[in-house]
Novice: 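Sharing a structure here in structure tokens format.
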Amino acid sequence: MALSTNPYKGTRDFYPEDKRFQNYLFSVMRKVVERYGYQEYETPLIEPLEMYLAKTSSEIVNDQTYVFDDRGGRKVVIRPEMTPSVSRILAAKRQDLAYPLRWYCIANVWRYERPQKGRLREHWQLNVDLFGVAGIEGDHEIIAIADSILKAYGAKSSNYSIKVNSRKLINHILIDYLELEATQVSGLMKLIDHMHKIEYAEFATEVDMLINPSQREAGTGKKLLNLLKVNSIYDLPADLKSYESVANLQRLFTMLEKSKIKNFDFDITLMRGFDYYSDIVFEVYDTDPSNNRSMFGGGRYQGLVELFGARPVDSVGFGMGDVSLANFIEAHGLTPKLTLGVDLFVALAGDVYLKAQPLLKDIRGMGINIAVDSSGSKLDKQLKSASKQSYKFVLIIGEKELDSEQYTLKNLQTGEEEKHSIERIVSIVKDNRTSRKDGLLS
RNA sequence: GUGUCCAUAGCUUAGUGGUAAAGCUCCGCACUGUGGUCGCGGCGACGAGGGUUCGAUUCCCUUUGGACACCCCA
């Protein structure tokens, strides 16, 4: 019985054409975040288990991590997310670093779950974090970056919408305004998060079940249901409008508009899963019906560096996964045509491998990427192979060419064939390379 | 972790209670310095284990793998 060629469940093999696409995704991310002044970092794939026990959602830690004992008996985890790791390395140099600090990474993370559309066991995610900005300006920058990245892939504003909420506001509403118990709040937040996945009547019933009799008499449930219908901060009751979070949201929205971002909405039902979010949260939704789901999001969080004994840092950031991003790009027809990194395929006619070496070295020296067919196959086989590998140019080198120093350049797409000096050929190939539309940003 | 659907050549699919058909790919021929089109020929499959049956690729169970939804999240 032969071994399976399938990759491990929920993981992907990246054949060169897949890797080319992934490199494209990553290069756009890098380009944009670096334009905002962010610097790349990297941390190990494995971390001690304790790092995740405190702050990552309990479901992820208990059911969705790859945990094992190393040979020394230490409990280790394959990272399910990056935030604890960034917080660790930030905490280690808390006093030495200059703020605002702008960091990003593109890292693979692992979660043990059942694969489905847009979700695998291993995926890569861009993590962008801004540290040391307490004001809403920081939240604005992070959302603006998320928007810029999607635009850099060629997306239009109508392709996605940005939903924004404030955890602080929600807490204020539930605890201070509606005077609900702490035990009720967590249940309600979970329920509100699912509001759009269930029937409204069912939702209302479930809300009612979480309300105790005296609150019911005071009309708390009704008040909450009415609040959840609010689509704009202007529609909030006057008592709430004066709360500082609302003013903060107002400032954020003005900033977004000033940055020419219009496709955002206040969504009072937006919660997000991670427990460590403390104030502004946002989520980007794909508007295409085939893929109408939350693509990615982020928000403001506090206190993770405290786990490592460092003084708190104001933190705001987001994570963007490559799988749902690829779905988005696909759904909106934004997939670019990517070209090979090889400029020239060299076919050898006859036994000239040895004699061609000085020439091949010269060509590479002139900055041309060449793949030499050293198989010794007949010319027709070599051309067939070149064609199958979708090379555009083939350089044919045989005794005739070496003697005359006029080499045959064949364009496999047009079938045209010309004889030129090697300098001319290099120049033709280079011209073609700079004019190719591969979607990569220069 | 729960649920629904699926599993036939390298790939994409057809089909049957009596061991399977096609397209594409691949290999070969039409040859030896010219690929993609066309022609001819060839290799090659019922995911695994068990049960029912004279006989199972087909029906049933288990298992593995895949797709999607829930949970959760990127």
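We name chains A, B, ... by the order of the sequence lines, and we start the count at 1 in each one.
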Novice: Phosphate oxygens OP1/OP2 of B:C70: is one of them under 4.0 Å from a side-chain N or O of A:H194?
Specialist: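 Looking at the OP1 and OP2 atoms of B:C70, neither is under 4.0 Å from any side-chain N or O of A:H194.
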
Novice: For the residue pair A:F253 and A:F264, categorise the inter-ring angle as parallel (less than 30°), tilted (30 to 60°) or perpendicular (more than 60°).
Specialist: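 Aromatic pair A:F253/A:F264 classed parallel.
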
Novice: B:A14 pairs with which nucleotide, Watson-Crick or G-U wobble, both distances below 3.5 Å?
Specialist: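 Across all strands, not a single nucleotide pairs with B:A14.
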
Novice: So, does A:K117 get its side chain near the phosphate of B:A69, meaning an N or O under 4.0 Å from OP1 or OP2?
Specialist: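 No, because none of the side-chain N or O atoms of A:K117 sits under 4.0 Å from OP1 or OP2 of B:A69.
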
Novice: Can you find an N or O donor on one side and an acceptor on the other, under 3.5 Å apart, linking the side chain of A:E399 with the base of B:G33?
Specialist: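 No, the side chain and the base share no sub-3.5 Å donor-acceptor pair.
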
Novice: Looking only at the side chain of A:K378 (C-beta and beyond, no hydrogens), which of the listed nucleotides B:U32, B:U34, B:A74 gets closest?
Specialist: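 Per side-chain heavy atoms of A:K378, the pick is B:U32.
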
Novice: Can you tell me the pairing partner of B:A69 across any strand shown, Watson-Crick or G-U wobble, with both distances under 3.5 angstrom?
Specialist: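 B:U2 - that is the nucleotide pairing with B:A69, both distances being under 3.5 Å.
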
Novice: Measuring from the side chain of A:L383 (C-beta onward, heavy atoms only), which nucleotide among B:C68, B:C72, B:U34 has the closest atom?
Specialist: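 For A:L383, the side-chain atoms sit closest to B:U34.
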
Novice: Among B:C73, B:C71, B:U34, which nucleotide has an atom closest to any side-chain atom of A:R111?
Specialist: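 My answer, after comparing the listed nucleotides, is B:C73.
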
Novice: Of the nucleotides B:G36, B:A74, B:U34, which one has an atom closest to the side chain of A:F296?
Specialist: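 For the A:F296 side chain, the nearest candidate turns out to be B:A74.
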
Novice: Nearest to the side chain of A:K384, which nucleotide is it out of B:A74, B:G35, B:G33?
Specialist: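 Given the options B:A74, B:G35, B:G33, the side chain of A:K384 is closest to B:G35.
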
Novice: Can you say whether a donor on the side chain of A:R272 sits under 3.5 Å from an acceptor on the base of B:C73, or the other way round?
Specialist: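 No.
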
Novice: Parallel, tilted or perpendicular: which describes the rings of A:W103 and A:Y41, with under 30° parallel and over 60° perpendicular?
Specialist: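 It falls in the tilted class, 30° to 60°.
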
Novice: Mind calculating the distance between CD (A:E113) and C1' (B:A67) to the nearest angstrom?
Specialist: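 Distance check: A:E113 CD to B:A67 C1' gives 16 Å.
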
Novice: Please verify the inter-ring angle class for A:F26 with A:W124; under 30° counts as parallel, over 60° as perpendicular, anything in between as tilted.
Specialist: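 Tilted, since the angle between the ring planes falls between 30° and 60°.
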
Novice: Which nucleotide, in any strand shown, forms a Watson-Crick or G-U wobble pair with B:G44, with both distances under 3.5 Å?
Specialist: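 WC or wobble partner does not exist here.
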
Novice: Which nucleotide, B:G36, B:U25, B:A74, lies nearest any side-chain atom of A:H123?
Specialist: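 Given the options B:G36, B:U25, B:A74, the side chain of A:H123 is closest to B:A74.
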
Novice: Of all the choices, B:C73, B:G66, B:A69, which nucleotide is nearest to the side chain of A:K197 once you look at every atom?
Specialist: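 From the listed options, B:C73 comes nearest.
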
Novice: Could you tell me whether the phosphate oxygens of B:C68, OP1 or OP2, come under 4.0 Å of any side-chain nitrogen or oxygen in A:Q116?
Specialist: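 For A:Q116, the contact criterion (side-chain N or O under 4.0 Å from OP1 or OP2 of B:C68) is not met.
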
Novice: Measure CD/A:Q64 against P/B:C71 and give the value in whole Å, please.
Specialist: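 Computing the A:Q64:CD to B:C71:P distance gives 12 Å.
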
Novice: So, under a plain 3.5 Å distance rule, would you say the side chain of A:Q382 forms a donor-acceptor pair with the base of B:U34?
Specialist: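 No such pair is found, so the answer is no.
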
Novice: Are any of A:K388's side-chain N or O atoms less than 4.0 Å away from OP1 or OP2 of B:U25?
Specialist: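 The answer is no; no side-chain N or O of A:K388 sits under 4.0 Å from OP1 or OP2.
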
Novice: Using a strict heavy-atom distance below 4.0 Å, which residues from residues 155-167 of chain A are in contact with RNA chain B?
Specialist: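 Close to the strand, none.
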
Novice: What is the distance, to the nearest angstrom, from the CG atom on A:N411 to the P atom on B:G35?
Specialist: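 Atom CG in A:N411 sits about 15 Å away from atom P in B:G35.
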
Novice: Counting only Watson-Crick pairs (N1-N3 plus N6-O4 or O6-N4) and G-U wobbles (N1-O2, O6-N3), all under 3.5 Å, who is the partner of B:U34?
Specialist: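 The answer is none; no pair meets the criterion.
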
Novice: Say you pick atom P in B:A14 and the same atom in B:U8; how far apart are they, in whole Å?
Specialist: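 That atom pair is separated by 10 Å.
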
Novice: Who does B:G39 pair with, Watson-Crick or G-U, both distances under 3.5 Å?
Specialist: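 The base-pairing partner of B:G39, which may sit in any strand shown, is B:C29.
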
Novice: Identify all side-chain donor-acceptor contacts of residues 82-89 of chain A below 3.5 Å with residues at least two apart in sequence or on another chain.
Specialist:
| from | atom 1 | to | atom 2 | distance (Å) |
| --- | --- | --- | --- | --- |
| A:T83 | OG1 | A:Y276 | OH | 3.3 |
| A:S85 | OG | A:E47 | OE2 | 2.8 |
| A:S87 | OG | A:T83 | O | 2.8 |
| A:R88 | NE | A:E47 | OE1 | 3.1 |
| A:R88 | NE | A:E47 | OE2 | 3.4 |
| A:R88 | NH2 | A:E47 | OE2 | 3.0 |

Novice: Closest approach to the side chain of A:I396, judged atom by atom: which nucleotide of B:U34, B:C72, B:C31 is it?
Specialist: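 The answer is B:U34, which lies nearest to the side chain.
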
Novice: Check whether the side chains of A:Y66 and A:E122 place a donor and an acceptor atom closer than 3.5 Å, and report yes or no.
Specialist: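 No, no side-chain donor-acceptor contact under 3.5 Å.
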
Novice: Show your working on salt bridge (charged side-chain N to carboxylate O under 4.0 Å, His left out) between A:D69 and A:K75 and close with a plain yes or no.
Specialist: CA-CA 5 Å; A:D69 294 337; A:K75 290 253 181 256; 2.8 Å; yes

Novice: Salt-bridge test for A:E418 and A:R424: reply yes if a basic N is under 4.0 Å from a carboxylate O, no otherwise.
Specialist: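 Looking at A:R424 together with A:E418, the answer is no, because their closest N to O distance does not fall below 4.0 Å.
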
Novice: Which listed nucleotide (B:G28, B:C71, B:G33) is nearest to the side chain of A:T408?
Specialist: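 Shortest atom-to-atom distance from the side chain points to B:G33.
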
Novice: Taking C-beta and beyond as the side chain, do A:S390 and A:L340 meet within less than 4.5 Å on heavy atoms?
Specialist: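 When only atoms from C-beta onward are counted, A:L340 and A:S390 do touch, with a gap below 4.5 Å.
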
Novice: Using the C1' atom in both, what is the distance from B:G55 to B:G41, to the nearest Å?
Specialist: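 Straight-line distance between the two C1' atoms is 35 Å.
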
Novice: I'd like to know if A:S387 reaches the base of B:G35 with its side chain, counting only an N/O donor and acceptor under 3.5 Å.
Specialist: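 Indeed, a donor on one side and an acceptor on the other fall under 3.5 Å apart.
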
Novice: With a 6.0 Å cut-off (strictly less than), is the heavy-atom count around CD of A:E330, excluding the residue itself, greater than 12?
Specialist: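 It does not: A:E330 CD has 12 such atoms or fewer within range.
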
